[in-house]
Amino acid sequence: MEAPRSRGMFMVSVCGQAEIAEQLSREGSQYSLTTGILPSLGARSNRRVKLRRFIVSPNDRRYRIWKTFLITLVVYTAWVSPFEFGFLTKPNGALSITDNIVNGFFAVDIILTFFIAYLDRTTFLLVDSPKKIAWKYASSWLAFDVISTIPSELAQRISPKLFRSYGFFNMLRLWRLRRVSALFSRLEKDRNYNYFWVRCAKLTCVTIFAVHCAGCFYYLIAARYRDPGKTWMGASMGDNFHEVSLWIRYVTSLYWSITTLTTVGYGDLHPVNTSEMMFDIFYMLFNLGLTAYLIGNMTNLVVHGTSRTRRFRDTIRAASSFSQRNQLPPRLQDQMLAHLCLKFRTDSEGLQQQETLDSLPKAIRSSISHYLFYSLVDKVYLFQGVSNDLLFQLVSEMKAEYFPPKEDVILQNEAPTDFYVLVTGAVDLLVLKNGVEQVVGEARTGDICGEIGLLCYRPQLFTVRTKRLSQLLRLNRTTFLNIVQANVGDGTIIMNNLLQHLKDLKDPIMEGVLLETENMLASGRMDLPLSLCFAALRGDDLLLHQLLKRGLNPNESDNNGRTALHIAACKGSENCVLLLLDYGADPNCRDSDGNVPLWEAILNGHEHVVILLVENGANINSGDVGHFACTAAEQNSLNLLMEIDRYGGDVTLPRSNGATALHIAVCEDNTEIVKYLLSKGADIDKPDVHSWTPSDLADQQGHDDIKYLFESVRESKSQTTIPTLEKQQPQNGIRCLGRFTSLPLIYPVPKECSFASADGSCSQSRPRRRTNNFHNSLFGIMSADHNGEKDLLFSVPQTKCVKTGGGNSARVIISCPEKGEVTPKLVLLPGSFEELLEIGAKKYGILNAIVLVKDGAEVDNIEVIRDGDHLIFVSDGPQETNKQNSTTTESL
C-alpha cells in the first residue's frame with residue numbers, strides 16, 4: 001500500500017534521509033513512531049543517500065522477508081525447547097535434525113547482521129561503517145545469539161557434569177523470543193491490522209506459552225524424582241508412567257497446567273512431594289500476575305469500545321434533566337436530543353470530518369477543503385466572478401457541520417454572525433407572522449443562507465430550519481470580512497451580486513432591504529471594501545465622492561484594465577466623470593483592449609461627456625484608433641466614423657490583425673462608408689495578415705459598385721502628380737504633415753508600448769493585463785496617492801498641421817542604444833531643452849546626457865528639432881563613443 005506523500009515529506013524534513021523516506025513510503029506497515037525516532041534539538045543531518053557497498057538497509061524489502069521467515073522458526077523454538085527439556089533424556093532423530101537446521105538459519109542471520117546498517121538513536125542516521133556495525137553487535141547480543149545456536153549434542157559434551165542433562169542448554173534458545181515481541185509491537189502500530197485482534201492474539205500466545213512451559217517443567221520434576229510413586233504423575237498413572245505414551249504424558253501435563261492457571265482445580269491432579277509443592281507455590285504466584293495482566297488488558301479493550309456509549313448515555317441523561325428542570329418546550333427538547341444523537345452517530349461511525357481537519361496542518365487542511373468544497377462554493381451566486389484566490393481562502397476557512405432534521409440553524413432576528421452554504425440536504429426559510437411560522441422559501445444544495453443579514457448589517461430575516469439530515473459549511477462574519485478586506489475588487493463583486501440578487505427576487509420585503517442597503521452604501525457606512533468601479537457602475541456619485549475622499553486611487557482598474565472613468569463615460573454619468581477628473585483621473589487611460597474613456601462616451605452617444613473629456617485633455621489617439629474605426633464599420637455606422645475623425649482620429653489605421661475599416665466596409669458592402677474612407681485617404685491595396693486587400697475582397701465578393709469606386713481611385717492616382725516639398729512648404733513656420741520622401745520615416749511603435757501605434761498593433765495582439773493583487777488590496781489603494789510616477793510615453797492627435805520647432809504638437813522618436821534601449825519610442829516634443837533632458841534621465845537613467853540626431857550631429861537647442869526627428873540619448877563621454885552609438889543605432 002502506498003503511503004501518503006505528506007508523511008514521506010515529514011520523515012524527510014525531520015530525519016533528512018531520502019532513502020528512509022522512500023522505504024517508508026513503499027511500506028505502509030512501517031509508519032510506527034518508535035523510541036528515538038526524533039533527533040535531538042539542533043541536530044543536523046548530512047547523511048549520504050547511498051549506503052556503502054555490501055551494506056544492507058534494515059528497511060530493505062528482502063531483509064524484512066528474511067526476518068519474517070525467522071519469526072516462524074522462533075515459534076518452533078518456543079515450543080520445542082521446553083518440550084525437549086522436560087520430556088526427552090536423549091536426542092530424538094527427527095527433532096535433533098530439525099533443531100540443527102533451525103540453528104543453521106540463525107547462524108546465517110548472525111553473519112548477515114554484520115552487514116546490516118543500524119539506526120543511531122541520537123542523530124537518527126543510518127550507520128553503514130562496518131567497524132561500527134561490528135562493534136555495536138559484538139557489545140550487545142552477539143554472545144547470546146552464538147550460544148543459542150550451538151547444537152545440543154555439542155553443548156551436552158562440553159557442559160559441566162551438573163548441566164549435561166539433555167535439553168537444559170536448549171532453554172537458552174528462548175532468547176530468540178525477543179523477535180516475536182518486536183513483531184507484535186510493530187503490528188500494534190500498523191494501521192493495516194486491527195488493534196483489538198492483534199492484542200488478543202498476543203495475549204493468547206502468552207497464555208499458551210506459559211501453560212506449555214509450566215506443563216513441561218512440572219513433568220520434569222516428576223520424571224527426575226527418585227521415587228516415581230511419590231509424584232503427581234505416579235499417583236495418577238502408577239510407578240511405570242515412563243512407559244506410557246509420550247502424547248498422553250504431554251496432554252496430562254498441559255491439563256494440569258491449564259486447570260492450575262485458571263484456578264479451576266478439579267482435584268484429580270495435585271502435588272505429592274515437597275518439590276512439586278514448591279513449584280506449585282511459585283507457579284500460582286506467577287498465575288496471579290499473569291491473570292491480572294490478561295484480565296486488565298481484556299477489560300481495557302472491552303471498556304474502550306463501550307466507553308463512548310456510556311458517555312453518550314450520560315450526556316443524554318444530563319440534557320433530559322436540564323430540559324425538564326427548566327421546563328423547556330418539547331420542540332427544543334427534541335432538537336437538543338436530536339443534535340446529541342447525531343453527534344454520537346458521527347463519532348461512532350467515523351464521520352468526524354471537522355475534528356479530523358482541525359488536527360491537520362493548515363496547508364493539508366486547505367488542500368482537503370479545496371478538493372471537497374471548492375466546486376460547490378464556486379457555484380454560489382454570491383461568489384460569481386470573484387478571483388480564485390479569494391474563493392480558495394474562503395473555502396479554507398469554512399467549517400463543515402451536520403444538522404439533524406427539524407433543527408434550527410439560524411433564528412429570525414438574531415445577530416448576523418455567520419452564514420451557511422448548503423452541501424447536502426434541504427432547509428426551510430420561515431417567517432414568524434402573528435405568532436405563526438410560515439414557510440416562505442426553501443434552500444437546497446449549493447444555496448447560501450444568512451448572507452443578507454451579514455452583508456446588510458441587519459438582524460436575520462428568516463429562521464432557517466433543516467428538513468432532513470443536512471451538512472452545511474459555516475463561515476464566521478469576522479473571518480469573511482478580514483479576507484475580503486485584502487481583496488477590494490472581489491468585495492465589490494460580492495456586493496454587486498447581492499444587490500442584483502435582491503432586485504431579481506422582486507419581493508416587497510427585499511425591496512425595502514435593497515433600498516436600505518443602497519442608502520448605507522451611499523453614505524459610506526458599509527465595512528465591506530468597495531472600489532471606484534463599483535460606484536461608477538451604479539452611477540452613485542455620492543458613494544464615489546466618499547470613496548475618493550478616503551484616498552482611493554482614481555486610476556485603479558479592474559481585471560480587464562477598465563478604470564472607473566471608463567465605466568462612468570460608458571454610462572454617461574457626468575457627475576461621476578467630473579469627480580474622477582477633479583481627483584486626478586487620467587482621461588487617456590487604456591484598458592486591455594485599447595479602449596479609452598473618450599471612445600466609450602462616443603460609442604454610447606454621450607455628447608456631454610465627450611465634450612467634458614475633451615476639455616480636460618482627452619485624446620482619442622491615446623487608444624487603439626484602428627480598432628475604433630473597425631468597430632464603427634462593423635456597426636455600419638457612418639456617423640460613428642465621422643465622430644472619430646471629428647476628434648482627431650485617423651479612420652484609415654488598421655487593427656492588430658492588419659484589417660482596416662475599409663476591409664470591413666467592403667465585406668459589409670457599405671458603399672457610403674467606402675466612399676467616406678476613400679475620401680480620408682484609405683489605401684485600397686493595403687493587405688491584412690492574410691494578405692487580403694480591400695480590392696481583392698471586392699473582387700472576390702462581387703461588389704460591383706465598390707469595384708467601380710476603386711477603379712476610379714486608381715485612375716485619379718495615375719493622373720495626379722505628387723507635389724514637391726517646396727510647394728507644400730507652409731508659411732509662418734507651419735507645414736502640412738504628409739508622406740514625403742524627404743521626411744524621416746516614423747518607425748512603428750512596438751507592441752510593448754502604452755499607446756496606440758499607427759498599425760494598431762497594440763490593441764489585441766498584446767497579452768491581456770494580469771491582475772495586480774497589490775493594487776487590488778487596501779495597502780495598494782492607500783499607497784496609490786503617494787506614487788507620483790507618470791508614463792513618459794504620450795500619444796497625440798493626428799492633426800493635419802503641426803508646428804515646427806518646439807511647439808507642443810510636434811512628435812519625435814527617442815532611443816538609447818547605450819542602455820540597450822534600441823526600440824524607438826514616440827513622444828511629444830517638450831517646450832524646453834531642459835525638459836527633453838529630463839525625459840531622457842527618467843526614461844533611460846542618464847543624468848548628463850547628450851542629444852544626437854540620427855546622422856550623429858549634437859543638438860543643443862529645442863528650436864532646431866523638427867517634427868519626426870529621431871533623437872538618440874547618450875552619456876556625456878568621448879566623442880568616439882557617441883559616434884559609435886549613433887552608428888550602431890543607425891544600423892539597427
Side-chain angles (χ1 to χ4, degrees), residues 75-92 95 152 156 161-175 177 180-181 200-299 302:
V75 175
Y76 167 79
T77 302
W79 174 82
V80 76
S81 295
F83 180 80
E84 291 178 345
F85 179 57
F87 289 90
L88 300 181
T89 58
K90 59 181 180 178
N92 182 278
L95 287 178
S152 300
Q156 190 178 14
K161 186 176 182 180
L162 182 63
F163 303 103
R164 287 183 180 180
S165 174
Y166 181 74
F168 179 81
F169 190 81
N170 292 356
M171 294 301 295
L172 296 177
R173 296 173 184 170
L174 296 178
W175 160 252
L177 288 176
V180 179
S181 177
C200 290
K202 181 179 180 179
L203 297 177
T204 302
C205 292
V206 170
T207 303
I208 293 175
F209 178 72
V211 170
H212 172 70
C213 288
C216 294
F217 294 158
Y218 200 49
Y219 176 81
L220 177 66
I221 294 175
R224 305 293 172 87
Y225 195 71
R226 61 182 181 275
D227 187 0
K230 295 182 178 181
T231 61
W232 69 275
M233 185 67 74
S236 61
M237 294 185 179
D239 296 344
N240 59 345
F241 67 88
H242 296 89
E243 299 176 0
V244 180
S245 171
L246 180 63
W247 171 250
I248 295 177
R249 285 180 284 164
Y250 177 68
V251 172
T252 304
S253 299
L254 291 184
Y255 170 74
W256 169 85
S257 180
I258 193 67
T259 55
T260 305
L261 176 66
T262 57
T263 65
V264 176
Y266 294 106
D268 50 351
L269 298 176
H270 57 83
V272 176
N273 54 59
T274 306
S275 300
E276 293 174 350
M277 292 180 182
M278 292 293 296
F279 178 79
D280 275 9
I281 291 173
F282 288 103
Y283 184 50
M284 293 297 292
L285 292 176
F286 170 76
N287 288 346
L288 291 176
L290 181 60
T291 304
Y293 173 76
L294 295 175
I295 294 176
N297 277 271
M298 294 303 298
T299 302
V302 174

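Rounded to the nearest 0.5 angstrom, R224 CZ and S275 OG are separated by 13.0 Å. Between the OG1 atom of T252 and the CH2 atom of W247 there is a distance of 10.5 Å, given to the nearest 0.5 Å. One distance of note links CG of L246 with CZ of F87; it measures 6.5 Å at 0.5 Å rounding. Between L254 atom CG and L261 atom CG the span is 11.5 Å, to the nearest 0.5 Å.
Proximity of F241 to T231: side-chain heavy atoms (C-beta onward) are separated by under 4.5 Å at one or more points. In this structure the side chain of H270 reaches within 4.5 angstrom of the side chain of V272, judged on heavy atoms. Within the 4.5 Å cutoff, side-chain heavy atoms of Y283 are placed close to those of S257. Here the side chains of Y225 and I221 are not in contact, with every heavy-atom distance at 4.5 Å or above. Looking at D227 and N273, their side chains never come closer than 4.5 Å, going by heavy atoms from C-beta outward.
A distance-only check finds a donor-acceptor pair linking the side chain of T259 to the backbone of W256 [under 3.5 Å]. For the pair S81 (side chain) and A78 (backbone), a donor-acceptor distance under 3.5 Å is absent. The backbone N or O of M233 lies less than 3.5 Å from no partner atom in the side chain of Y219, so there is not a single donor-acceptor pair.
Tested against Y218 for a ring pair (Phe, Tyr, Trp, His ring centres under 6.0 Å), the candidates Y255, F282, W232 yield a single pass: W232.
Around the NZ atom of K202, the shell of radius 6.0 Å holds more than 12 heavy atoms that belong to other residues, nucleotides or ligands.
Scanning all heavy atoms of the two residues, the minimum distance from I295 to T299 falls at O-OG1, 2.6 Å. Across all non-hydrogen atoms, the minimal contact from T262 to I258 is OG1-O, 2.8 Å. Shown here for H242 and A223, the closest heavy-atom pair between the two residues is NE2-O, 3.5 Å.
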Quiz: residues 205-214 side-chain donor-acceptor pairs under 3.5 angstrom, not counting sequence neighbours:
{"residue": "T207", "atom": "OG1", "partner": "L203", "partner atom": "O", "Å": "2.9"}
{"residue": "H212", "atom": "ND1", "partner": "Y250", "partner atom": "OH", "Å": "2.8"}
{"residue": "H212", "atom": "NE2", "partner": "W79", "partner atom": "O", "Å": "2.8"}

